[in-house]
Chemist: 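Just dropping this structure here.
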Amino acid sequence: MGVVVNLEGGKHGAGSIEPLVALTRDDMARVNELILAKAGSDVELIPELAQHLISSGGKRLRPMVTLAAAQMFGYEGEGHVKLAMAVEFMHTATLLHDDVVDESDLRRGRKTARMIWGNQASVLVGDYLLGQAFRVMVDVGSLEALDILSAAASVIAEGEVMQLGVAKNLETTEDEYLAVIKAKTAALFSAAAEVGPVIAEASRNDRSALRSFGTNLGLAFQLVDDALDYGGKSSDLGKNVGDDFREGKVTLPVILAYRRGSDDERAFWKRSIEENECDDAALQKALGLMNKHGAIGDTISRARHFGEIARDALAPLKNTPQKAALFDVIDFCISRVT
């Protein structure tokens, strides 16, 4: 049984992605058609494995952000559809790679691709999707958009390597952890938001605003995910509560509980995380220690902080339905009310 955490205590509403879904519905239909077309291959395993993950129920938040960000500035071409597809392929590829690195068994309530087809196939199909993403980026013809997304791909890979460096390391600082998730998660949100105004030929200030929005939305999104692993439900997570603990992941709730704990408590964390003593009884003790030291609540507070920065980044922009929908997305990501 997890710790009950109130995620609705901020000054904003629970938020919803429904306004964003409505604004991007027609464009997302074209994105989905392109996804199915570009996931195809004469190599039978590629479309089979790609389809498994593509159809697994993700909200496709990142490509919708790309579409809305282009719409905000009056873009009327087809480039935003192609870039949104490329963003989703980049995200899908990172999921395939992440599940191999993390040895994850479940994603969004289904067996991970690596559990069905193996690690080698998952990594190689992820590489294929990245290749397809870059081919579509080139089709758009915007060198600046290509530069933003290719830079994000490099940063995400760096984040994966950084994560290996902090794996099971309980001496990881909060700053070091934030650097990891800024690379692993926030970089793609940032790029997804920025390429919209880029192809719409918006001003530098507008592009910077969307870039900042995406970065801070991504940080908030990941911190809430970290908290939900200890305080949420499997149906919300698409994985089992406590999976991060069982996998020995050093996320922010662990970092805070470890640093605030007594010598005996830190010895427990070392046994659990570093020596893999992470059975159900250990999970219950971990939840109790997090509750004792306010680690989950403070992780949510950090998420709200980054959510406010994302909101302030958009605030000076012209009021549009897309801007209002992106405000709602901030609240949705933090409250995670579906």
Chemist: I'd like to know whether Asp328 forms a side chain to side chain contact (heavy atoms under 4.5 Å, CB included) with Leu20, so could you lay out the CA-CA distance, the side-chain angles of the two residues, the decisive distance to 0.1 Å, and finally the verdict.
Modeler: CA-CA 8 Å; Asp328 276 343; Leu20 183 66; over 6 Å; no

Chemist: If you round to the nearest 0.5 Å, how far is OG1 of Thr172 from CG of Leu252?
Modeler: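 It is 11.0 Å, given to the nearest 0.5 Å.
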
Chemist: Applying side chain to side chain contact (heavy atoms under 4.5 Å, CB included), run through Ile273 and Phe245 and close with a yes or a no.
Modeler: CA-CA 7 Å; Ile273 300 296; Phe245 179 76; 4.1 Å; yes

Chemist: Checking the side chain of Arg266 only, and the main-chain atoms of Gly261 only, is there a donor and an acceptor separated by less than 3.5 Å?
Modeler: yes

Chemist: Under 4.5 Å between side-chain heavy atoms, hopping through other hydrophobics if needed: is there a path connecting Leu67 to Ile148?
Modeler: no

Chemist: Minimum heavy-atom separation for Ala295 to Ala257, with atom names?
Modeler: CB-N, 3.9 Å

Chemist: Does any non-hydrogen side-chain atom of Met72 lie less than 4.5 Å from one of Pro197?
Modeler: no

Chemist: Between His52 and Trp117, how do the two ring planes meet: parallel, tilted or perpendicular, split at 30° and 60°?
Modeler: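 Taking Trp117 first and then His52, their aromatic rings stand perpendicular (interplane angle over 60°).
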
Chemist: Quick check against the 3.5 Å criterion: does Ser190 have a side-chain atom that pairs as donor or acceptor with the backbone of Arg211?
Modeler: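 The answer is yes, because a donor-acceptor pair under 3.5 Å joins these two groups.
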
Chemist: Stepwise, does the side chain to side chain contact (heavy atoms under 4.5 Å, CB included) test hold for Val250 with Tyr258?
Modeler: CA-CA 10 Å; Val250 179; Tyr258 174 78; over 6 Å; no

Chemist: For residues His97 and Ser122, report the shortest heavy-atom separation together with the two atoms involved.
Modeler: CD2-O, 4.4 Å

Chemist: Evaluate salt bridge (charged side-chain N to carboxylate O under 4.0 Å, His left out) for Asp331 paired with Arg311, printing each intermediate quantity in order.
Modeler: CA-CA 9 Å; Asp331 294 331; Arg311 179 178 293 276; 3.0 Å; yes

Chemist: Taking the side chain as everything from C-beta on, heavy atoms only, tell me whether Lys323 gets closer than 4.5 Å to Lys318.
Modeler: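 Answer no - side chains too far apart.
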
Chemist: Output yes when a side-chain donor or acceptor of Gln71 lies under 3.5 Å from a complementary backbone atom of Leu23, and no otherwise.
Modeler: yes

Chemist: Return the minimal non-hydrogen interatomic distance between Ala153 and Phe134, and the atom names on each side.
Modeler: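 Nearest pair, atom of Ala153 first, then Phe134: CB-CZ, 3.8 Å.
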
Chemist: Is a donor on one side and an acceptor on the other found under 3.5 Å between the side chain of Arg114 and the backbone of Val100?
Modeler: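 Not at all, since once roles are kept as given, no pair shorter than 3.5 Å links the two residues.
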
Chemist: Look only at the side chain of Thr215 and the backbone of Ala186, and say whether a donor-acceptor pair between them is shorter than 3.5 Å.
Modeler: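 No, Thr215 side chain to Ala186 backbone: no donor-acceptor pair under 3.5 Å.
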
Chemist: Same cluster or not: Ile156 versus Leu219, using hydrophobic residues (I, L, V, M, F, W, Y) connected whenever any side-chain heavy atoms lie under 4.5 Å apart?
Modeler: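 They do not share one cluster, since no chain of ILVMFWY contacts under 4.5 Å joins Ile156 to Leu219.
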
Chemist: Can you find a heavy atom in the side chain of Lys168 that is under 4.5 Å from one in the side chain of Asn276?
Modeler: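 When only atoms from C-beta onward are counted, Asn276 and Lys168 do touch, with a gap below 4.5 Å.
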
Chemist: Please determine whether residues Leu283 and Met290 belong to a single hydrophobic cluster, defined as Ile, Leu, Val, Met, Phe, Trp and Tyr linked transitively by side-chain heavy-atom distances below 4.5 Å.
Modeler: yes

Chemist: Classify the side-chain pair Asp226/Gln222 by whether it contains a donor and acceptor separated by less than 3.5 Å.
Modeler: yes

Chemist: Please confirm whether the backbone N or O of Ser208 pairs with a side-chain atom of Ser212, one donor and one acceptor, at under 3.5 Å?
Modeler: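 No: the side chain of Ser212 does not pair with the backbone of Ser208.
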
Chemist: To the nearest 0.5 angstrom, please state how far the CG atom of Leu210 sits from the CG atom of Asn205.
Modeler: 12.0 Å

Chemist: Is there a side-chain contact between Ile330 and Leu326, using heavy atoms and a 4.5 Å cut-off?
Modeler: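 No, too far: nothing below the 4.5 Å cut-off.
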
Chemist: Counting N and O atoms only, with roles assigned by atom type, does the side chain of Thr173 sit under 3.5 Å from a partner on the main chain of Glu176, one being a donor and the other an acceptor?
Modeler: yes

Chemist: Does a donor on one side chain and an acceptor on the other come within less than 3.5 Å for Asp206 and Ser203?
Modeler: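 Side chains of Asp206 and Ser203: pair found under 3.5 Å.
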
Chemist: Which atoms form the tightest heavy-atom contact between Met90 and Met137, and what is the distance?
Modeler: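 Taking Met90 first and Met137 second, the nearest heavy atoms are SD-CE, 3.6 Å.
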
Chemist: Are there more than 12 heavy atoms of other residues, nucleotides or ligands under 6.0 Å from atom NZ of Lys38?
Modeler: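 Counting neighbours around NZ of Lys38, 12 or fewer heavy atoms of other residues, nucleotides or ligands fall under 6.0 Å, so no.
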
Chemist: Measuring from Leu217:CG to Phe189:CZ, what's the distance to the nearest 0.5 Å?
Modeler: 5.0 Å

Chemist: If you look at every heavy atom in Arg60 and Glu88, which pair is closest and at what distance?
Modeler: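 Minimum heavy-atom contact is NE-OE2, 3.6 Å.
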
Chemist: Quick one: closest heavy-atom pair of Glu174 and Leu256, and the distance?
Modeler: OE1-CD2, 3.8 Å

Chemist: For Asp244, is there any backbone N or O sitting under 3.5 Å from a side-chain donor or acceptor partner on Asp229?
Modeler: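 Confirmed, Asp229 side chain pairs with Asp244 backbone.
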
Chemist: If you apply the rule salt bridge (charged side-chain N to carboxylate O under 4.0 Å, His left out), what do you find for Lys270 with Glu171, and how did you get there?
Modeler: CA-CA 10 Å; Lys270 286 182 178 294; Glu171 301 305 323; 3.7 Å; yes

Chemist: Would you find a donor on one side and an acceptor on the other, under 3.5 Å apart, between the side chain of Arg246 and the backbone of Cys278?
Modeler: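 No, the answer is negative, given that no donor and acceptor are paired below the 3.5 Å cut-off.
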
Chemist: Given Glu265, which of His293, Arg260, Lys285 fulfils the side chain to side chain donor-acceptor pair (under 3.5 Å) condition?
Modeler: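 Output: one option passes, namely His293.
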
Chemist: Have Arg302 and Thr299 got a donor and an acceptor in their side chains that come within less than 3.5 Å?
Modeler: no

Chemist: Group every Ile, Leu, Val, Met, Phe, Trp and Tyr by side-chain heavy-atom contacts under 4.5 Å, then state whether Phe89 and Leu45 land in the same group.
Modeler: yes

Chemist: Could you see if Val125 belongs to whatever hydrophobic cluster contains Leu130? Use Ile, Leu, Val, Met, Phe, Trp, Tyr and a side-chain cutoff under 4.5 Å.
Modeler: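 Not linked; separate clusters.
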
Chemist: Around atom CD of Glu201, are there more than 12 heavy atoms of other residues, nucleotides or ligands at under 6.0 Å?
Modeler: no

Chemist: How many angstroms lie between CG in Asp27 and NE2 in His80, if you round to the nearest 0.5 Å?
Modeler: 3.5 Å

Chemist: Is the CD atom of Glu275 crowded by more than 12 outside heavy atoms at less than 6.0 Å?
Modeler: yes

Chemist: Tell me, do Leu49 and Tyr128 make a side-chain contact under 4.5 Å, heavy atoms counted?
Modeler: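 Contact flag for Leu49/Tyr128 side chains = no.
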
Chemist: Could you tell me whether the side chain of Asn291 and the main chain of Leu287 form a donor-acceptor pair under 3.5 Å?
Modeler: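 Not at all, since once roles are kept as given, no pair shorter than 3.5 Å links the two residues.
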
